[in-house]
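Order of listing sets the numbers, starting from 1, for every ligand and every atom in it. Everything quoted here is computed from the prediction, not taken from an experiment.
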Amino acid sequence: MKKQLQELYAQTISVIEKAATIDELEQLRVKVLGRKGDLTQVLRSLGTLPQEERVAIGKLSNELKEKIESALENRKTVLTEQQINKLIMEDWLDVTLTMPGTLKHYERGHLHPISQIQYEIEDIFTSMGFEILDGPEVETDYYNFEALNIPPYHPARDMQDTFWTEDGNLLRTHTSAIQVRGMERLKPPFRVIGPGRVFRYESIDASHENTFYQVEGMMVDKDISVAHLIYFMKTLLKEIFHKETTIRLRPGYFPFVEPGFELDIHCLICGGKGCSVCKYSGWVELLPCGLVHPNVLRYGNIDPDKWSGFAFGLGLNRLVMMRYGINDIRHFLSGDIRFLYQF
Ligand code: FA5
């Protein structure tokens with residue numbers, strides 16, 4: 001029996017050394033040391049041996065069992081290390097890898113065309129001494145309408161229908177709300193612009209969105225006149241289009257300015273021939289403006305007998321459309337990456 005045990009041991013050790021996977025080791029462990037394993041059977045049969053032999057064979061069996069267990073453990077450690085090294089070699093990732101490399105196409109993002117032009121406008125106005133203001137997109141009725149000389153009963157509210165929250169606030173319909181907040185905070189003289197996103201309950205077409213961008217502008221000083229207003233508007237358009245553009249100024253009604261104007265630009269999509277963007281009129285409404293109404297100055301705690309000002313509300317989407325010849329406002333929010341890649 002001693003010889004049989006030693007052969008079993010030698011055989012087991014040789015298989016352990018050759019085992020290539022942890023699974024193979026486990027199968028071997030079950031075959032030799034499991035409940036019905038070869039060595040377990042020997043230990044079970046000890047009772048049939050004479051006393052002397054039983055002690056010697058029992059001792060030997062236990063020694064060999066311990067040696068096999070430790071050989072299994074050692075081999076398992078070696079195989080685990082090999083497996084980890086293999087994974088490291090095969091599955092590694094070079095986090096410093098950029099083009100040129102295995103990546104065929106490396107996409108770089110860029111600013112949306114509306115942001116690009118907004119930043120250009122901010123540069124133009126800051127170079128002329130204007131400060132940039134911000135305001136909340138969810139506004140109160142007071143800042144969006146009331147302080148702009150549009151009381152609750154005023155029909156001008158109908159032109160700017162919007163989305164209301166359950167607590168009586170609204171998604172601002174124009175950036176003019178920013179000028180009211182600005183007047184409360186600043187002491188005249190001052191010059192500010194307020195770019196931002198605005199919302200309206202609107203029928204969508206080639207030149208109307210329900211979510212679009214405006215840039216508000218306001219200058220309050222002594223003896224501000226329409227001449228100042230036209231100077232700043234012309235400077236803005238010249239800087240943006242890098243060429244003379246044909247504009248027209250016509251009377252326009254906004255309760256917060258008096259007199260009020262609509263500044264239209266000759267449609268650059270169709271060259272004035274008529275298209276869906278200019279509604280076949282050859283002109284695009286771009287820049288309503290006017291001299292600030294005395295009531296609005298009073299709401300902003302500014303004395304209209306001492307100070308006067310102009311204000312404008314530029315339609316940013318339409319300006320970008322004119323600059324790049326974009327023939328439908330819906331492209332801006334379409335999320336179509338082929339559109340965005342062009343800018
Ligand atoms: C206003 O929003 C006034 N707050 C502008 C203003 C400010 C007048 C200061 C006087 C003094 P209006 O609703 O016309 O005005 O909008 C201004 C510009 O936003 C329009 O000329 C147009 O270019 C753009 N706009 C208006 N509605 C839409 C729309 N649904 N989609 C895209 N652009 C629009």
Using 30° and 60° as the class boundaries, would you call the ring planes of [X] and [Y] parallel, tilted or perpendicular?
X      : Y      : answer
Tyr142 : Tyr299 : perpendicular
Phe339 : Phe332 : perpendicular
Phe163 : Tyr201 : perpendicular

Tell me the protein heavy atom at minimum distance from [atom], and give that distance in Å.
atom                    : answer
atom 23 (O) of ligand 1 : Glu285 O, 3.1 Å
atom 32 (C) of ligand 1 : Ile329 CD1, 3.4 Å
atom 25 (N) of ligand 1 : Phe212 CE1, 3.4 Å
atom 22 (C) of ligand 1 : Arg318 NH1, 3.3 Å
atom 5 (C) of ligand 1  : Pro288 CG, 3.6 Å
atom 15 (O) of ligand 1 : Phe254 CE2, 3.5 Å
atom 17 (C) of ligand 1 : Gln214 NE2, 3.3 Å
atom 3 (C) of ligand 1  : Phe256 CZ, 3.7 Å

Can you name the atoms of ligand 1, numbered from 1 with element, that are less than 4.0 Å from a heavy atom of [X]?
X      : result
Gly315 : 18 (C), 19 (O), 23 (O), 24 (C)
Gly313 : 5 (C), 6 (C), 7 (C), 9 (C), 17 (C), 18 (C)
Ala311 : 9 (C), 11 (C)
Ser207 : 31 (N), 32 (C)

Mind checking whether [X] contacts ligand 1 via backbone (N, CA, C, O), side chain (CB onward), both or neither, at a 4.0 Å heavy-atom cut-off?
X      : value
His174 : side chain
Phe312 : backbone
Val284 : neither
Ser176 : side chain
Gln160 : side chain

From the options Arg200, Met159, Glu216, select the one whose nearest heavy atom is closest to atom 2 (O) of ligand 1.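 Considering heavy atoms of Arg200, Met159, Glu216, the nearest to atom 2 (O) of ligand 1 sits in Arg200.
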If I apply the N/O under 3.5 Å rule, does [X] come out as touching ligand 1?
X      : value
Gln179 : no
Glu202 : yes
Glu209 : yes
Glu262 : no

Does the side chain to side chain contact (heavy atoms under 4.5 Å, CB included) test come out yes or no for Met218 and Val292, once each step is laid out? CA-CA 8 Å; Met218 184 181 225; Val292 183; 3.7 Å; yes
Quick test of your reading of the model: are [X] and [Y] salt-bridged, counting only N-O distances below 4.0 Å?
X      : Y      : answer
Arg185 : Glu131 : yes
Asp38  : Lys31  : yes
Glu120 : Arg323 : yes
Glu139 : Arg181 : yes
Asp141 : Arg157 : yes

Answer with yes or no whether [X] contacts ligand 1, where contact means a heavy atom under 4.0 Å from a ligand atom.
X      : answer
Phe261 : no
Cys289 : yes
Asn317 : no

Closest contact, heavy atoms only, Leu148 versus Tyr143: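 The pair with the smallest heavy-atom distance is CD1-O, 3.6 Å.
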Is any side-chain heavy atom of Ile132 closer than 4.5 Å to one of Phe125? no
For residues 269-289, pull every pair meeting salt bridge (charged side-chain N to carboxylate O under 4.0 Å, His left out), keeping only residues two or more places apart or in separate chains.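 Every pair satisfying salt bridge (charged side-chain N to carboxylate O under 4.0 Å, His left out) with a residue in residues 269-289: Asp205-Lys279, Arg250-Glu285.
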Check each of Asn301, Ile302, Val192 against Met183 using the side chain to side chain contact (heavy atoms under 4.5 Å, CB included) test, and report the only one that passes.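 Exactly one pass, corresponding to Ile302.
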Common cluster, Ile124/Leu111, ILVMFWY with side-chain heavy-atom separation under 4.5 Å: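 Per the 4.5 Å side-chain linkage, Ile124 and Leu111 are not co-clustered.
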In this structure, would Phe261 and Leu314 fall into the same cluster of hydrophobic residues linked by side-chain contacts under 4.5 Å? yes
